[in-house]
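Chain identifiers are assigned alphabetically (A, B, ...) following the order of the sequence lines, protein sequences preceding nucleic acid strands; residue numbering begins at 1 within each chain.
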Amino acid sequence: MSIDQEVEALQRVPMLRGIEKGKLRLLAFISERMVYGPGETLCKQGDIGDSAFIVLDGEADIVVDTDTGPKTVAVVGTNDIVGEIAILCDVPRTASVIAKTEVHTLTISKDQFLKMMSEFPEMTIEIMRVLAARLERTTRDLADVRGELARATANG
Amino acid sequence: MESGSIGAAMEKSLFKFVWKYSKRQQITIVLITTLSFPILYTTLELPKRIINEAIGGTQFPRNFLGMELDQIPFLLALCFAFLGLVVLNNVVKFCLNTYKGLTGERMLRRIRYQLFERVLRFRLAHFGKISAGEIISMITAEVQPLGGFIADAIATPAFQGGTLLVYLTFIFVQDPLLGAAAVALYPIQGYIIPRLQRRVNQLGKERVRNLRQLSDRVGESISGIREIHANDTTAYHMADVSDRLQTNFEIRFEIFKRKYAIKFLNNFLNQLTPFFFYSIGGYLVIQGNISFGALVAVLAAYKDLAGPWKELLAYYQMLADTIVKYDAVIEQFDASDIFPVERLDDPGDIDLSGADSIALQNVSYVGEGAGQNLDGIAATIPIPGTTAVIGGEGSGRPQLMQILAGLLAPSSGRAQIGDQATDTLPDSVLGRKLAYLDSSPHIFTGTIRNNLTYGLYHRPLPLLDGEEIDDALLQRRLTEAQLTGARGYEINLRWEDIDAAGVESLEALDERMIELVSGVGLGDDIYRMGLQSTVEGHTDSELSERILGARAAIRERVLSEPEFGEYVHLWTPDSFNRSASVIENIVYGLPVDPAVTPHDMAAMPEIKDVIRENGLHDDLVGIGRSIAETMVELFADVSDENELLSTYSFIPKDEISDYDALLNRTKNKSELTDDEAAKLIGLAFMLVPTRHRLGLSTEDFQEKVVAARAPMRERLDKDAPDAFEHFQADKIVPSLSIEDNLLFGRPRLDRPKAREAIERFIGQIVDEMSLREVIMRAGLEFEVGIAGSRLSTGQKQRIALVRAILRRPDIILLDGLVTGAPGDDPVLRFIKQVAPDSTVVCGMANADSAETFDYIIALQNGGLVAAGTYDSVQASLTPLRQAAE
């Protein structure tokens with residue numbers, strides 16, 4: 001699988017959708033290709049994340065520690081991105097990612113990603129736009145939920 | 001013998017120094033010069049005889065050394081005699097100059113040795129007053145001119161003075177009055193010139209001082225370089241140095257002006273005398289009082305006076321300058337309070353084994369700065385036992401610890417081990433029976449091994465069996481050392497005193513060191529250093545053999561066990577290594593010189609040929625072109641400063657436009673020039689398939705590369721045999737680290753944490769094959785950098801601790817290294833384990849673990865708070881604890 005396929009995968013990532021192809025090629029070039037065997041951990045809940053993973057092939061479980069032990073909450077597959085928040089800010093991983101089959105990933109490290117953003121401000125603006133849209137949606141959802149909650153309490 | 005200068009006081013005057021250590025040589029120089037005079041005279045005389053008697057003569061045959069000779073034979077005889085004398089004259093000159101050089105150099109060596117010995121005898125406090133930069137400048141640069149001067153110190157004034165006297169006598173004999181006229185101005189010259197010179201001497205002294213400050217400033221800038229950058233003070237330091245240079249310039253310019261003023265005055269006065277000759281002498285001739293001939297003769301003689309007079313003046317100026325330099329150096333080294341020479345030379349047979357205590361009797365110390373004083377400390381430290389000296393900032397604790405170690409002398413009172421005062425004990429006792437360590441030990445430039453065994457380097461010892469030294473060379477060096485007042489300590493003998501470490505052989509010493517470094521917690525570090533070190537330099541074939549053995553085991557494991565195999569791409573002759581670059585795959589090896597780049601290799605005719613012959617040329621050009629296109633596309637609009645470019649681009653920024661042009665130029669060309677092709681092939685050589693994923697390295701291409709290996713090897717062996725190291729399963733690759741030699745492959749770049757997995761895996765095999773110790777031995781050869789700059793503070797402290805323990809001291813003084821109780825403190829636990837019988841005195845800042853020590857000395861503000869067992873001092877420790885909080 002060559003860089004062109006990686007670029008295609010990057011194009012499908014919502015956060016990177018508006019970014020021109022040339023920049024995505026550069027991003028792909030400076031990122032690392034990794035192979036994880038079944039059962040191998042891509043990242044662990046609680047660790048400080050320093051990279052995002054784009055699944056190029058295979059499937060991985062998203063696992064969260066609960067009081068009753070680890071629990072798989074989702075499965076990611078080809079062209080999904082996991083851990084993208086980690087390359088934008090310093091937060092602990094909210095879940096572990098464990099390879100279910102053999103998983104090929106494109107690993108984007110935070111340092112390289114930030115360097116690219118500082119180099120190409122238009123890319124940063126694009127990402128900001130996507131994040132703002134997401135925030136807007138979250139805020140609206142939250143308002144809805146609050147409204148419902150208030151209604152429920154008033155009626156209660 | 002004039003060599004008995006060991007430990008002697010410095011000679012205060014330059015001439016005393018010259019006479020004391022080189023009178024025989026000086027006399028010899030004078031004698032040889034005297035002997036050379038008749039030869040010189042005859043070489044001047046013979047040409048006259050050749051012209052007047054042999055060529056212009058008429059009466060033949062003539063008598064020559066008892067033979068009757070005709071004109072031609074007589075001419076030839078005289079000419080050969082002339083030739084012979086010229087040769088003889090030059091031989092004498094050659095010998096004389098060589099001898100002078102020898103004398104000067106020996107004296108220079110002697111004074112430098114004396115100065116260095118002084119440095120070793122300075123008391124520690126003295127180093128607060130004089131900087132390393134100044135001392136270095138004195139020992140190296142300032143005494144340098146002495147060597148040249150000393151050889152002429154006596155010969156020049158003797159000869160030029162003698163010659164001058166002869167000429168003067170001649171003039172006086174011709175006519176006392178003219179003689180008087182000739183010397184009439186000497187008193188004036190003799191009065192004025194020294195006065196002018198005196199100012200020059202003062203300036204000379206200032207110049208010396210200025211240069212010392214300059215070297216001090218340069219030294220300080222180097223040691224403080226971090227602060228300079230961290231505080232943005234480069235401008236200030238440049239201004240500071242510029243100021244010194246300005247002063248230096250002004251002083252030197254002033255000296256030049258005055259020096260040439262003296263020359264001017266001297267020349268003028270010398271020319272003034274002929275004025276008297278012409279006027280007074282002319283008058284006398286006209287009056288008929290002296291003959292015309294006599295005046296001419298006197299004038300000729302006077303002209304000859306100018307030569308020696310000038311030489312004498314030059315000598316005088318040189319002498320003045322040299323004396324200034326000598327005095328300026330000596331006054332710095334002539335500190336009155338220095339260690340007696342016995343401190344360095346005493347053989348150290350004082351027995352301390354009977355001592356049952358270190359007694360402090362009213363010890364007081366007056367330090368240079370605040371908080372360094374001690375006032376009337378009395379205590380009795382038990383031997384054996386553990387003692388805590390407790391005192392915080394400003395308590396005088398470091399000073400007390402150094403007094404115990406004999407490094408500082410108390411201003412009053414005594415510190416005694418048994419019945420010996422510590423400050424009068426020689427180094428041979430202090431540095432063998434005692435060990436003193438603080439938290440910032442000095443690590444010497446060299447290997448870790450050098451630093452560990454450093455504590456054994458007391459005196460040179462005979463070589464062990466199997467070691468060799470050229471006896472004649474050794475003898476010559478020892479003789480020369482003796483002739484220049486140096487001790488006969490020869491660096492090329494054995495210094496590692498294995499007896500002092502209590503082992504039988506060097507082998508056992510290594511084992512002991514490894515045991516100690518492991519015990520002190522440095523084992524893993526040293527092992528890792530060993531893995532990273534190259535096999536080069538370790539000629540011992542055992543290491544190589546065992547590495548190769550382990551390599552085979554690792555290979556087998558990698559091939560049979562997938563959990564290891566999936567992390568490694570092994571080097572195999574018949575398959576392409578996708579985690580290595582194309583050129584490494586083609587050559588199947590590495591260039592010997594790591595500075596050789598893929599582009600250099602692409603330009604090598606041998607490589608070019610083989611590539612063409614094996615049908616790789618077009619593939620490589622194609623790959624290179626794709627890479628270039630990709631790089632131009634990816635990086636063309638990335639700014640210069642951005643690290644992405646320097647880290648990831650195959651092409652440096654400033655060459656991207658060149659490549660762009662090259663691509664456009666050659667777009668539709670089927671045949672590229674050699675140079676264009678090499679530029680593209682150089683890029684292709686750098687490609688590492690698993691890293692770069694450009695999809696350029698096809699199966700077909702890889703097969704061709706593998707097929708080209710054998711012809712490439714053959715061609716390189718023939719035409720560039722020393723340029724490459726080829727991979728071979730049964731040979732060590734000298735430029736690779738031990739780790740890479742063990743693995744004989746590349747960690748897979750597309751596997752997460754491959755490096756860590758491989759390290760774990762190699763560790764397993766190393767343990768299975770009991771190679772760890774062998775690798776640690778290689779790790780002991782790790783170069784620590786200037787003053788241990790490649791080690792962390794913790795590593796330095798541990799190395800210093802092992803260094804001290806290795807020589808088995810009876811009493812160990814640790815200042816600021818111990819923080820806890822003997823049970824929990826890692827340093828004390830280590831000492832307990834490896835040197836259970838030693839007496840330990842720990843300087844520590846707080847009293848938290850006081851109850852675990854046998855004896856306690858508590859200090860505050862230089863005074864004794866309490867001394868005794870924990871029970872007896874417990875109550876007095878409370879204020880100390882509060883102060884600490």
A/E40 and B/P752 have their tightest heavy-atom pair at OE2-CG, 3.7 Å

Any heavy-atom pair between the side chains of B/T690 and A/R33 that's under 4.5 Å?
no

If one checks every heavy atom of B/L749 against chain A at 4.5 Å, the contacting part turns out to be backbone

All heavy atoms of A/L26 vs all of B/L634, minimum pair found to be N-CD2, 3.3 Å

Heavy-atom count around A/K44 NZ within 6.0 Å, excluding the residue itself: above 12? no

Cut-off 4.5 Å, heavy atoms of chain B, and the answer for A/L106 is side chain

Taking CD in A/E136 as the centre, count heavy atoms belonging to other residues, nucleotides or ligands within less than 6.0 Å. Is the count above 12?
yes

Flag, side chain of A/R25 to backbone of B/T630, donor-acceptor distance under 3.5 Å: no

Greater than 12 external heavy atoms within 6.0 Å of B/R755's CZ: no

Pair count under 4.5 Å, heavy atoms only, with chain A: among B/E633, B/R748, B/R751, highest is B/R751

Around atom CD of B/E756, are there more than 12 heavy atoms from other residues, nucleotides or ligands closer than 6.0 Å? yes

Parallel, tilted or perpendicular for A/F29 and B/F650, by the 30°/60° rule? tilted

Bottom line for A/E32: the part with an atom under 4.5 Å from chain B's heavy atoms is backbone

